[in-house]
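Heavy-atom basis, side chains included; hydrogens, waters and symmetry copies ignored. Heads up: numbering here begins at 1 and tracks the sequence.
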Amino acid sequence: MGSKRRSRRRGPCAPLKLFALCAAALVAGIWVGKHHTNRAPRAVAEGKTRPQLPPLAEELPRSLPELKAAAGRLEARIEALAAPSRASRWAPGRRRARRRRRRTRADARPTPRPVVAAAAAATATPKLGADTVLLVIAFERAESLRRSLGSVLRHHPCGLGPRVVVSQDGGRETPRWREAKEEILAAQSYLAKKCGPALAPMRVVVHDQTGGGDGYHKLARHFGAAFADAFDDATRRVIVLEEDLEVAPDFFDFFAAVAPALDGDATLLAASAWNDNGVRGRVDVALDASAVVRSDFFGGLGWMITADVWAELAPKWPEAYWDDWLREPAQRKNRQILRPAVCRTFHVASRTGTSNNQYGSFLANILLAPGPPRPFDLRYAAADAADAKLLADLAAAPQADVAQIDGARPASARVVYDGVAARGPRSFPALAKKLGVMDNEKAGVPRGAYRGVVAFRRGPTTVFLAPHMEQIRAYMGGADYARV
């Protein structure tokens, strides 16, 4: 095995020390030239006026100890000048964000973004106002909360909104809980300094956790109380973010772009920043970053609902497992979710949450959309346009199996499954595992599916993992999903 070359890491002050030493050497050179020159310069010999050096702020050093002392004073001054820029450089989570941006850029192909035919559909993104609230659900995971709030602070657009509310679950003030509270208060101060008086101050709420039950019961109670508090008379919509989610640079732009559709389309239940299959190799960041699609599956993990939807859900809010409850037919009512093809949130791994980092190995490979913000393609946000595109895509995709896709590498391919709960090699779980996408379902809906179809990339091929055509047309006609 070849030996690895090791490089010594320089501390943050190394360049400053080098600069100070060079400056001190320059001062010493001027002093030597001034006091030990035996021959006048040619300009003086020819009777010309000798140029004058600018006056020094203090007397030149005349010995080595004085020179060292001068160098130390110069270094201290440079340190003082550099301190403000270094403080802004290490704003909350900035270093982690740079690492994630570099990793995401490395995963993106060097393929130029295609010029879409309907460029007018990708218009400049509007901004969210004071009628929208970002609700952060927190408890006692200080490290995760630091990353989550740090990304929110970096990418919040300021202006009038969205207003920020952090709801911390109470019930026990342990050292971990107090540490998380300190992170919240630090973020509150930072946002006020960044955005100024135009944005309403971050509001911090402590939820009084009463009643028994496990973590899922407590979490459902907390969510219900936090939503009820956030939806005041001035709030039109709420974006909810849990303490273990980091947001992309255009997280707020995404929700601003889809807000008009969510407000005006009764066939939409929510908008989500998450794609369950948005992992390396299943999305192309260069080609898919602007895409917005409809889905029958509620992914959560950074999502927005309107006041009208909350008024419908609030009276029957569940005692536990609120996310699975929201996916049931009685709540979903054949409504869809708008989501991006490339995730705008990233799940911070943690084994101390309620779900104990379920699907942790899969979530670790999720790609977070890189900056800078871009216009979003909303041509297929409406159901009619989405259905027409889906039928056209399926008609153009030849039916194939996994071996044929990996061998021939066609532009698109359709893989047909028999049922979501069926057994055997043609079942949805079996084929999803082979193709490297999420293989489970909730209430009969495969993760990420629209009309039963899960679309993703496998190398250069766009793959449609789809039920039989008669089932797809039944879904388009209003048939509900069933666990078959």
Side-chain angles (χ1 to χ4, degrees), residues 91-97 100 132-156 162-191 202-209 214-230 238-249 251-252 255 272-274 299-305 320-323 326 343-360 363-364 366 368:
R94 186 74 56 86
R95 179 167 48 185
R96 292 191 186 95
R100 189 169 304 290
T132 303
V133 166
L134 174 68
L135 172 63
V136 181
I137 302 292
F139 183 34
E140 58 177 17
R141 287 180 282 177
E143 179 61 29
S144 298
L145 191 59
R146 184 180 304 120
R147 290 182 61 177
S148 178
L149 289 178
S151 65
V152 168
L153 297 175
R154 285 193 303 276
H155 306 311
H156 194 288
R163 294 174 287 135
V164 181
V165 177
V166 180
S167 181
Q168 186 179 18
D169 210 1
R172 53 176 189 174
E173 292 195 16
T174 62
R176 287 182 57 193
W177 189 93
R178 288 190 289 271
E179 185 181 0
K181 183 62 174 288
E182 290 174 2
E183 294 292 339
I184 296 170
L185 296 179
Q188 183 184 42
S189 175
Y190 186 93
L191 187 64
M202 177 193 291
R203 192 160 61 88
V204 180
V205 179
V206 176
H207 171 241
D208 184 16
Q209 183 64 256
D214 59 13
Y216 291 103
H217 287 79
K218 293 177 180 178
L219 192 61
R221 282 197 295 268
H222 187 190
F223 263 86
F227 269 124
D229 176 78
V238 166
I239 305 167
V240 62
L241 190 72
E242 294 171 71
E243 67 182 354
D244 55 2
L245 294 174
E246 186 176 341
V247 307
F251 171 84
F252 292 102
F255 284 111
S272 170
W274 183 260
L301 299 181
W303 50 288
M304 179 169 72
I305 58 172
Y321 304 101
W322 64 267
D323 47 351
L326 196 54
C343 289
R344 263 56 186 188
T345 52
F346 179 83
H347 187 269
V348 180
S350 173
R351 294 194 176 276
T352 59
T354 304
S355 63
N356 294 315
N357 197 28
Q358 190 179 21
Y359 307 115
L363 297 174
I366 287 288
L368 185 68

Exercise. Can you name the residues that form a side-chain contact (heavy atoms from CB on, under 4.5 Å) with S272, not counting sequence neighbours?
Worked result: W274, W303, I337
For this session: Please work out which of the three classes, parallel, tilted or perpendicular, describes the rings of H217 and Y321, given edges at 30° and 60°.
Result: perpendicular
For this session: Considering only NZ, NE, NH1 and NH2 on the basic side and carboxylate oxygens on the acidic side, decide whether R176 and E179 come within less than 4.0 Å.
Result: no
Problem set entry | side-chain contact (heavy atoms from CB on, under 4.5 Å) involving E243 - partner list, sequence neighbours excluded | A138, F139, R141, L145
Exercise. Does any non-hydrogen side-chain atom of F255 lie less than 4.5 Å from one of R344?
Worked result: no
Exercise. Taking it one step at a time, do S148 and V348 satisfy side-chain contact (heavy atoms from CB on, under 4.5 Å)?
Worked result: CA-CA 8 Å; S148 178; V348 180; over 6 Å; no
For this session: Kindly compute the distance separating CG (L134) from CE (M304), expressed to the nearest 0.5 Å.
Result: 11.0 Å
Problem set entry | Evaluation steps, side-chain contact (heavy atoms from CB on, under 4.5 Å), between H347 and I366 | CA-CA 8 Å; H347 187 269; I366 287 288; over 6 Å; no
Exercise. For K181 and V206, what are the C-alpha separation, side-chain angles and deciding distance, and is it a side-chain contact (heavy atoms from CB on, under 4.5 Å)?
Worked result: CA-CA 10 Å; K181 183 62 174 288; V206 176; 3.9 Å; yes
Exercise. When you look at V240 and F223, which way does the side-chain contact (heavy atoms from CB on, under 4.5 Å) test go after all the steps?
Worked result: CA-CA 9 Å; V240 62; F223 263 86; 3.7 Å; yes
Seminar exercise, completed: Closest heavy-atom pair, F251 versus L241, reported as atoms and distance to 0.1 Å, is CZ-CD1, 4.2 Å
Seminar exercise, completed: Here the pair of heavy atoms bringing V238 nearest to F227 is CG1-CE2, 3.8 Å
Exercise. With no hydrogens and no angle check, is any side-chain donor or acceptor of Q209 less than 3.5 Å from a backbone partner on K218?
Worked result: yes
For this session: Spell out, as yes or no, whether a donor-acceptor pair under 3.5 Å connects the side chain of H156 to the backbone of P162.
Result: yes
For this session: Check S167 against H207 and note the closest heavy-atom contact, atom names and distance.
Result: OG-CB, 4.3 Å
